[in-house]
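First the structure, in the form of structure tokens, and then the observations on it.
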Amino acid sequence: MSSILSDEVHQDSSNSTVKQTFLEATVATIVEEMRADPTVFTMGQDIRGGVYGAYPLAEFGERVRSLPISEAANVGAAIGSAMTGMRPVLDMTIATFLYSAMDQIVNQAAKSRFLFGGQARLPLVIRCTMFYGSSQAAHHNDRAYAMFMHVPGLKIVVPSSPVNAKGLMRAAIRSNDPVLVFEDSTLWGTRGDVPVDPDFIIPLGEAEIRQRGSDVTVIGIGQSLRTVDQALKLLGKDGISIEVIDPRSLCPFDWKTVLASVDKTRRVVVVDNGPMTCGVAGEILATVAEHFHGRLLAPPKRVTAPDMHLAFSPQLEKALLPSREAVAEAIKSTFEYRGKEI
Amino acid sequence: MSSILSDEVHQDSSNSTVKQTFLEATVATIVEEMRADPTVFTMGQDIRGGVYGAYPLAEFGERVRSLPISEAANVGAAIGSAMTGMRPVLDMTIATFLYSAMDQIVNQAAKSRFLFGGQARLPLVIRCTMFYGSSQAAHHNDRAYAMFMHVPGLKIVVPSSPVNAKGLMRAAIRSNDPVLVFEDSTLWGTRGDVPVDPDFIIPLGEAEIRQRGSDVTVIGIGQSLRTVDQALKLLGKDGISIEVIDPRSLCPFDWKTVLASVDKTRRVVVVDNGPMTCGVAGEILATVAEHFHGRLLAPPKRVTAPDMHLAFSPQLEKALLPSREAVAEAIKSTFEYRGKEI
Amino acid sequence: MVELSREAKIEMLRRMLRIRIFDEVASELQAKGEIPGPLHTSIGQEAEVVGACMALSRQDYMTGNHRSHGHPIGKGAPLGPLMAELLGKETGVCKGRGGSMHLADFAIGSLGESGIVGAGMPIATGAALSAKLRGTDQVALTFFGDGASNTGPFHESLNLAAIWKLPVIFLCENNGYAVVTRASDMVAVENIADRATAYAIPGEVVDGQNVLSVHEATSRAVKRAQSGAGPTLLDVRTYRYRDHAEFGKMGDSVASYRSKEEVEAARKRDPIEMFAKILIEGEVLDEDGVASVRAQVISEVDEAVDFARASAFPDVSTAFDFLFVDAVAPRH
Amino acid sequence: MVELSREAKIEMLRRMLRIRIFDEVASELQAKGEIPGPLHTSIGQEAEVVGACMALSRQDYMTGNHRSHGHPIGKGAPLGPLMAELLGKETGVCKGRGGSMHLADFAIGSLGESGIVGAGMPIATGAALSAKLRGTDQVALTFFGDGASNTGPFHESLNLAAIWKLPVIFLCENNGYAVVTRASDMVAVENIADRATAYAIPGEVVDGQNVLSVHEATSRAVKRAQSGAGPTLLDVRTYRYRDHAEFGKMGDSVASYRSKEEVEAARKRDPIEMFAKILIEGEVLDEDGVASVRAQVISEVDEAVDFARASAFPDVSTAFDFLFVDAVAPRH
Ligand SMILES: Cc1ncc(C[n+]2csc(CCOP(=O)(O)OP(=O)(O)O)c2C)c(N)n1
Ligand SMILES: Cc1ncc(C[n+]2csc(CCOP(=O)(O)OP(=O)(O)O)c2C)c(N)n1
Ligand SMILES: [Mg+2]
Ligand SMILES: [Mg+2]
């Protein structure tokens, strides 16, 4: 799927790529950064056991550290080391375990620089995986990045492909601020062409236009872009000219690209696998509504999970995630809308 | 200020009222419910020391419990007792301490009933106070209820006055589900007429129309309604007919009342003291945008705090909270808007 | 020394066998794809579960963790709804909502297992508080692992239970590993029992492969709890034969974290075989008697599988159920 | 036994007096409304702060808590920017952003105090990890209260520091109370030092009113940390003379939680008076010498107040500063 590679990517000096899965690309980037910068190190529960990717243990020694089940201390250890010159990459494994360290994330990581009047730097990366769609049940399957968007002081990325995983992880590690990387377990196995250039980076705050179009702007977060791709297939080649945007980073958020697209298409559909209320999709709709009063050709639409937990039982779990049909229908009805308008 | 008393309140059989502060009304309600129902009890750090309100200790004995600084265990203790027949009212004191118990709140309290297929009941109340606007600095001054709105399974109220504090607290205690009560420290000292009827209740999910009007719908959350009142004074009596709505409970949210009002006024301004992105105001704007395509007479507006921490230094802290001037200006410009419209 | 009736001893064997066979069958079903999601077995740990549960009465409370099947089985839950839960069926004990990591059977005092390590401890503490406030003689027991003893909630719960002298038993299923990481690398102290010192409560190392030792120690803790003296920490040494979890297709890159020899050595002290031998030597049962209990359990598990298979998946129209007691329609 | 130079001993007295007088003056300013927000003084606790800090070098790290003024003063931070911070001024050590509960002075290794009880312990643990990874001989010391010893992060940090043998010192400022609640009602164990058993590290009860005892014990812990042997838990007994915090108009309904006699008794072992006596008896200083140190400190504090008063409040145009290093304009 060539649309994965955005314009920026092609500008790279080195054009050689390698086929990697999302997870391989992620781990490879951490390893590359550890090689390039001795202050980068990584920690995670069972990380030396290779449960979430295999690191060259002999090469890095103490710089790959297995952690006890002490989430608050683990995040605190990352914060304290970041404040004193290191660049930790902390693998929290599952995104729902962030809650066990929420004080350290929200009160300490996000606030320390501000509270101390700029004295602190916190170059730390927190990786976590959203295990949904695979019967892990509600203690593992949250998709709660929007909660963290409400917290000033945190940068947030949600990679949607191997190449994005690579470029965003590098940007996260090189960032001087705390970055949360929400990985989607259903994408871990996806393969794609990934640049080998050891400086290949996707700057935080740059959306990717995956497909250009002029009728409807469709914005998807993380894995939901796959659902969008499937919906586009359902809709067929002709008829609607659709622009597909992947914001890639939720903070900073590339409002410029999103608003420019809506300015052109004047129709917008946002797809997100997270719950609806106070989610990313709602935020995009609100911002669009503030900017395009009287100029939209159809009501802005969101296709999200409802405000409901996902069940263990496979069909029940699936029923609550945006389906290709629902996305296709949302795009179609938005395009065909002929209600009140200017 | 008679507008505090809504229509519902006047329907009460008993019309006698008493003057109480917000905090007195809150504590009095807990005490009344403890008298009425032996399964109700309360816990909080220093609660027997009377730091956050004075309870009749001799009367209740072990049912007023001082807690160690063990937020996760404290919430867990409330959950476990709620699951086994008690109705705990847990005073977490400051809202930022919720993060220290986030796993218990989000993964346990909000999910247990669902995970266990309806076997669990969790009639528990979590009180917490937002200490902002008084130089407590960022470890105490969050206004993060919107984060919890993104969590299915939690009910959330933000009382704006003594009478609301009373009616909503009673509803919270009598609710069979977990309810978070976000109290605003700047309102604790506000006095108002509070019904003495021991069954006076404000059902969760019922907004209050504080003032009827036909030109602009203004929705405010908690303390921001005071700012709205001040803005109305600035705007003066004549000119704009403003409908002011207090949603009172954020989950369940009274969309019916809010949407009916916007349907009438076709102009909306939302005021909230929380950060902007993925906040309550954005959610209201998004929902309004979905419903009123092409029918709004002006862009929907939100006046919120920015995505920024509040400083310790008084002027800096104040600068980031919605001001009466900003609210007045938003209402005025919304009313006077003469841009593109139908 | 607690006196156990003949029936009680046979029931111990039966429950241990139930756990063993239930989990063996569940593993097979998971490998075949009939059970979705990951699955954590208690095979090898049956004695600590059953020894503890048999020291409780039906109305006593219990919370547990991700390794969740053994606990409700040990406490006497019927197998059909448990197996149906693993298959994600509407007849499951949690109506297919919770699955393998979140079994709960409130009818027998099982207040729920937890996919979040450490999270069950505060909840058991709360149940014990409730018993105290209501003036019953119920106790609460929480199962957790060696890994969980490093969580904040462990510390907070033990302290809270100790200052309030709550009737709660903290039972650490110390199987030496958390996923692929050794307890000896992660737990700073040799005996988790020694952590009891931090709360001025008794802490005891118990042979978890001997069901009678566990029963004995737990019974003592129950007595202490009921007497108003407060909590006890039991550091129960056990071993899991299988890997942390059956992950389906995951975990290929996992390095070997323990030796075959270690597993073999542990298997030599198989809790079920050891107890069967005790029963035979004590003339409670003969070999045939043991075999017949086993045969009964096998058919119980078979019936549970049949029940589960015959049951329907939850209807998609019920996807919004069980969010709140006081109904609020979820937004969507 | 650590040998202390004459200068070091005088410096100890000076720093203790700085804390005392700084906090006395700050309380007055707060009562007058010149300092906004709540204020937690370390009056009565000067010896434990200074004894510990003087055992550290400038490049060693330190984290603390809401009772935050004493720590950076003890570690040698200049008073002007600290006082300016309390007044919310742009020249404050945190540029008026943090205020009383969040002092930090990275230049002297103060990585920040915390309004969240318990939160500084994991961060100090991380600083110690950093020192270890970078191969320096820096240590980290974290101050926390008896109340904080009941938080999850306490347990998690001690365990993490112990398994990794990190150079960190956990110093409990055990003043017997958390707000208005007695440690004896909330901490399940008699000596917080005994909690060290749970991590197989040394735990020691120390007389916190004797600056030399604290210095001695901390110096030993520093040595141990630098030798690679890992963390130490110090249970330092102290007392605060004033109430938990100066709350301005709050807290009227607070019941009296300790007797006048108790406070009086504690004051009899005033750490500054006791140390002054030791200095005089040891002929390090005579009475005039002590008086002149005090006079110097008084004028230092006066200068700090003048500096703070003369400084400007942060300009409202800077309200968006310091959110990120790599600038992102906050949405508004
Ligand atoms: C808070 C939290 N952190 C991490 C995990 C991931 N996890 C699941 S089980 C497990 C190991 C638990 O070890 P232990 O407590 O010893 O129990 P055992 O599996 O050995 O029975 C881990 C790390 C989790 N579920 N919850
Ligand atoms: C996580 C958290 N819970 C509660 C509080 C409120 N609080 C502030 S100070 C304090 C008491 C702290 O007692 P202790 O740790 O003994 O320190 P001391 O004040 O005695 O120096 C409490 C409960 C807080 N700031 N953070
Ligand atoms: Mg284990
Ligand atoms: Mg104290």
Side-chain angles (χ1 to χ4, degrees), chain A residues 38-39 41 43 62-63 65-86 88 100-101 103-104 107-124 152-155 171 174-178 203-205 251-253 255 283 287, chain D residues 61 63 85 90 92-99 101-107 109-116 118-134 138 140 151-153 155-161 163-164 166 314 321-326 328-331:
Chain A
T39 67
F41 71 106
M43 309 191 279
E62 288 214 295
R63 289 167 66 205
R65 308 183 75 86
S66 282
L67 289 169
I69 310 175
S70 306
E71 275 76 13
N74 299 345
V75 174
I79 292 171
S81 64
M83 277 184 176
T84 55
M86 301 298 289
S100 298
D103 174 69
Q104 288 290 325
N107 276 329
Q108 318 307 324
K111 293 178 181 173
S112 286
R113 179 172 176 73
F114 176 76
L115 274 170
F116 305 143
Q119 293 180 83
R121 296 166 81 88
L122 292 115
L124 75 98
L154 298 176
K155 295 179 173 174
R174 294 191 184 176
S175 159
N176 291 305
D177 298 303
L204 304 183
C251 178
F253 192 98
W255 289 108
E283 182 56 41
T287 305
Chain D
Y61 299 118
T63 67
E85 187 62 29
E90 179 66 28
V93 71
C94 300
K95 300 205 157 44
R97 271 61 178 183
M101 281 190 279
H102 307 92
L103 299 179
D105 188 345
F106 277 52
S110 155
L111 301 179
E113 307 281 317
S114 182
I116 302 297
M121 290 183 264
I123 296 173
T125 304
L129 168 62
S130 164
K132 186 179 168 128
L133 285 171
R134 287 181 289 105
Q138 290 163 295
T151 65
H155 175 64
E156 296 187 356
S157 302
L158 276 149
N159 186 64
L160 190 64
I163 59 170
W164 288 351
L166 297 180
D321 286 359
F322 308 128
L323 188 61
F324 291 117
V325 179
D326 303 330
V328 176
R331 296 187 79 202

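Protein chains get the first letters and strands the later ones, always in sequence-line order, with residue 1 at the start of each.
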Backbone of [Y] reached by a side-chain donor or acceptor of [X] within 3.5 Å:
X      : Y      : value
A:D177 : D:V325 : yes
D:K132 : D:W164 : yes
A:T84  : D:S130 : no
D:Q138 : D:A128 : no

Top of [options] for chain D proximity - count of heavy-atom pairs under 4.5 angstrom:
options                       : result
A:R121, A:M83, A:Q104         : A:Q104
A:E71, A:R113, A:Q108         : A:R113
A:P123, A:P88, A:S112, A:G118 : A:G118

A:L154, part contacting chain D, at a heavy-atom distance under 4.5 Å:
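Contact with chain D is through the backbone of A:L154 alone.
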Could you tell me which portion of A:K155 (side chain, backbone, both or neither) has an atom closer than 4.5 angstrom to a non-hydrogen atom of chain D?
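A:K155 touches chain D through backbone and side-chain heavy atoms alike.
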Do you know which of [options] has the most heavy-atom pairs with chain A at a distance under 4.5 angstrom?
options                        : value
D:N159, D:L166, D:I123         : D:I123
D:V93, D:L323, D:D326, D:L103  : D:D326
D:A127, D:A131, D:A140, D:G112 : D:A127
D:L158, D:L133, D:T63          : D:L133

Tell me, side chain or backbone of [X] under 4.5 Å from chain A's heavy atoms, or both, or neither?
X      : result
D:L129 : side chain
D:E113 : backbone
D:A119 : both
D:I163 : side chain
D:L111 : both
D:S114 : side chain
D:D321 : backbone

Grab the two heavy atoms, one from D:M121 and one from D:S157, that are nearest each other, plus how far apart they are.
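Residues D:M121 and D:S157, closest heavy atoms: C-OG, 3.5 Å.
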Taking C-beta and beyond as the side chain, do [X] and [Y] meet within less than 4.5 Å on heavy atoms?
X     : Y     : value
A:F41 : A:S81 : yes
D:R97 : D:E90 : yes
A:N74 : A:P68 : yes

Return the set of residues passing ring pair (Phe, Tyr, Trp, His ring centres under 6.0 Å) with A:F116 (not counting sequence neighbours), or none when no residue passes.
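Checked A:F116 against ring pair (Phe, Tyr, Trp, His ring centres under 6.0 Å); zero matches.
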Return the set of residues passing ring pair (Phe, Tyr, Trp, His ring centres under 6.0 Å) with D:F322 (not counting sequence neighbours), or none when no residue passes.
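Counting only residues at least two positions away or on another chain, D:F322 forms no ring pair (Phe, Tyr, Trp, His ring centres under 6.0 Å).
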